[in-house]
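Side chains included, hydrogens not; waters and symmetry mates left out as well; all remaining heavy atoms used. In the text below, chain A, chain B and the rest are named by the order of the sequence lines, each starting its count at 1.
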Amino acid sequence: MHNLKDIRKDFDSFEKALEKRSIDIDLNNLKNLDLQNREFIQKKESLEKEKKDISKSKDKSLFEKSKEISLAIEKINEQQKIVKESLEKILSNIPNIPHKDVPNGNDENDNIEVSKSGKIPKFDFTPKSHYELGENLRMLDFDLATKTTGSRFVFVKSKLALLERALSNFMLDTHIMKNGYEEISPPLLASENTMFGTGQLPKFENDQFEIKLEAGTGRKFLIPTAEVILTNIVKNNIIELKSLPLRYVASTPCFRKEAGSYGKDTKGMIRQHQFYKVEMVSIVEQEKCLEELERMTNCATGILDDLELPYRKVILCSGDMGFSAEKTYDIEVWLPSENKYREISSCSSCSTFQSIRMKTRYKNQKKETLYTGTLNGSGLAIGRTLIAILENFQQKDGSITVPKVLRPYMNNLEKISLN
RNA sequence: GGAGAGGUGGCCGAGUGGUUGAAGGCGCACGCUUGGAAAGCGUGUAAAGGAGCAAUUCUUUCAUGGGUUCGAAUCCCAUUCUCUCCGCCA
């Protein structure tokens, strides 16, 4: 969310910056509502002052007048409430402003490759897709998931389940011991206000799974990413400068409706309603966002380096970025069966956008109260890493070589094969 | 499901109708002290919003929303969240 004060200061450049997002929002309406709102505030405040003075004077002859003022204030309040509500509604639906580094563009085709790394494997046979490999090994079972649950779910079995667990542990260990993140095992449900804090609500309610609890309790949602719950750790806090930066990591299941992606990636486990993901979150001083973004992205690519998987780093164009982000790097891993790179991690700086929603602040050296910067990044999506390993490390006989760094996590298993 | 307690500043914690934005402590900042540090002592330290180029100033805020009153952190009602005990389940 944006600060109205800042928008007001330079309305035109705000409007211009938003154009990059190529969505239309009625900013004139916003401008007018803001003007009206402030008029109400001024009227109200002068009345309140008058009333306060009467009360302080304890002059009984003025008590009647004070009552009248109260009525007048009430009237203004009613009018202001309407204005303020629509103001906030508009405001909470405006996305973050893209950073100036961010290339202009409409969709993923306009993203720009920043770097490439690793060696693309060469096969003397036609490489199979992850779901062929997994099904042949009898370790990925989509039909079974359909039977028990429905589409876009999968059973991972046996050695692949072990691999999935190993990936989670390996990634967590790396981020905890090497990269300075604190491990968190968080709740998988988030309250409505928490979902608002990171920007999933109100605009993207359709993508969320809501859980019905007993009546009388607030709304609860399954987290679509651990970002939601990790970032909101600092909701409503004023953090002391010396405890920044805060870095959290968690490995959690994520739940997404994937509404609007019907027919997309229906085969295999690229796009599921439920998947594991290791998520990093950083809370930093606002001017350190971009620096932290580079650091975080390196933490993510470090995992791929360790796993010896080929990947490229892409900077997202303005049209492809998420609602809360000011700048995003996607890390894409090479998938032999598709002969292209696919997203495996997304690292974003959200500048103060989420902090304003969450009311997360810190005091700088000058004792000014400022909004923190927040960042989040996958490090990495476990399901997709599993896919990448299956496809990149497949052998002609359909077996899978286990990446070296994972073997200590898998009883030194070197190869996954039938039996 | 039954019974009870409570939500106050960065944190802890006083405060039951009138300069209370709020005692005290912790933390933090600065200063004194010291060879240096610690301790000790002193001073300072809420947020949001409005007006103003600014210094400044005004309003609001003691979970949230209503009510009583000239006046509410303090009284009344509703909601919400947290905690404790019993039951139930794991």
Sole candidate of A:Ile416, A:Ile400, A:Val402 that passes side chain to side chain contact (heavy atoms under 4.5 Å, CB included) when paired with A:Phe393: A:Ile400
For atom [atom1] of [X] and atom [atom2] of [N], their distance in whole Å:
X	N	atom1	atom2	answer
A:Ile41	B:A48	CD1	C1'	11 Å
A:Asn236	B:G7	CG	P	18 Å
A:Phe63	B:G18	CZ	C1'	10 Å
A:Leu47	B:C70	CG	C1'	16 Å
A:Leu62	B:U69	CG	P	18 Å
A:Phe40	B:A51	CZ	P	15 Å
A:Ile73	B:G66	CD1	P	14 Å
A:Leu35	B:G49	CG	P	18 Å

Salt bridge between [X] and [Y], side-chain N to carboxylate O under 4.0 Å?
X	Y	answer
A:Lys313	A:Glu294	yes
A:Lys288	A:Glu291	no
A:Glu15	A:Lys31	no
A:Arg38	A:Asp34	yes
A:Lys49	A:Asp53	yes

Which sits closer to the 5' end of RNA chain B, A:Lys67 or A:Ile238, going by the nucleotide each is nearest to? A:Ile238
Identify, between A:Asn237 and A:Tyr371, the residue whose nearest nucleotide on RNA chain B lies closer to the 5' end. A:Asn237
Mind listing the closest non-hydrogen atom pair of [X] and [Y] along with its distance?
X	Y	result
A:Thr174	A:Phe170	OG1-O, 2.8 Å
A:Val281	A:Tyr181	O-CE2, 3.9 Å
A:Glu279	A:Leu230	O-CD1, 3.7 Å
A:Thr328	A:Ala325	OG1-CB, 3.3 Å
A:Val102	A:Glu326	CG2-O, 3.2 Å

[atom1] gap between [N] and [M], integer Å:
N	M	atom1	result
B:G50	B:A55	P	16 Å
B:A29	B:C85	P	40 Å
B:G17	B:C28	C1'	35 Å
B:U16	B:C53	P	45 Å
B:A47	B:G9	P	13 Å
B:A73	B:U8	C1'	7 Å
B:U74	B:C83	C1'	23 Å
B:G65	B:U61	C1'	14 Å

Report the stems of RNA chain B as range-with-range entries sorted by first number; a stem here is at least three consecutive pairs, Watson-Crick or G-U wobble, both distances under 3.5 Å, and write none if there are none. B:1-7 with B:80-86, B:10-12 with B:24-26, B:27-32 with B:40-45, B:46-51 with B:56-61, B:63-67 with B:75-79
According to the interplanar angle, ranging from 0 to 90°, do the rings of A:Phe153 and A:His273 count as parallel (below 30°), tilted (30 to 60°) or perpendicular (above 60°)? tilted
Counting just side-chain N and O atoms, does [X] come under 4.0 Å of either OP1 or OP2 of [N]?
X	N	result
A:Lys56	B:U19	no
A:Arg8	B:G50	yes
A:Gln42	B:A51	yes

Has A:Arg152 got a side-chain atom pairing as donor or acceptor with A:Arg271's backbone, closer than 3.5 angstrom? yes
Residue set satisfying salt bridge (Lys or Arg N to Asp or Glu O under 4.0 Å) with A:Glu39, at least two apart, ordered chain then number -> none
Does atom NZ of A:Lys84 have more than 12 heavy-atom neighbours from other groups under 6.0 Å away? no
Polar atoms only, N or O, under 3.5 Å: list the protein pairs with nucleotides 71-75 of chain B and their distances.
residue	atom	partner	partner atom	Å
B:G71	O4'	A:Ser55	OG	3.3

Side-chain donor-acceptor pair under 3.5 Å between A:Ser337 and A:Glu391, yes or no? yes
Without hydrogens or angle criteria, can the side chains of A:Thr231 and A:Asn376 be said to hold a donor-acceptor pair below 3.5 Å? no
Indicate for each nucleotide in nucleotides 54-65 of chain B, in 5' to 3' sequence, whether protein heavy atoms under 4.0 Å reach the base (B), only the sugar-phosphate (S), or nothing (-). ----BBS-----
Rounded to the nearest 0.5 Å, how far apart are CG of A:Leu189 and CD of A:Glu210? 10.5 Å
Members of residues 351-361 of chain A that approach RNA chain B, where some heavy atom sits under 4.0 Å away: A:Arg361
Distances under 3.5 Å between nitrogen or oxygen atoms of protein and nucleotides 25-30 of chain B:
residue	atom	partner	partner atom	Å
B:G27	O2'	A:Glu240	OE2	3.4

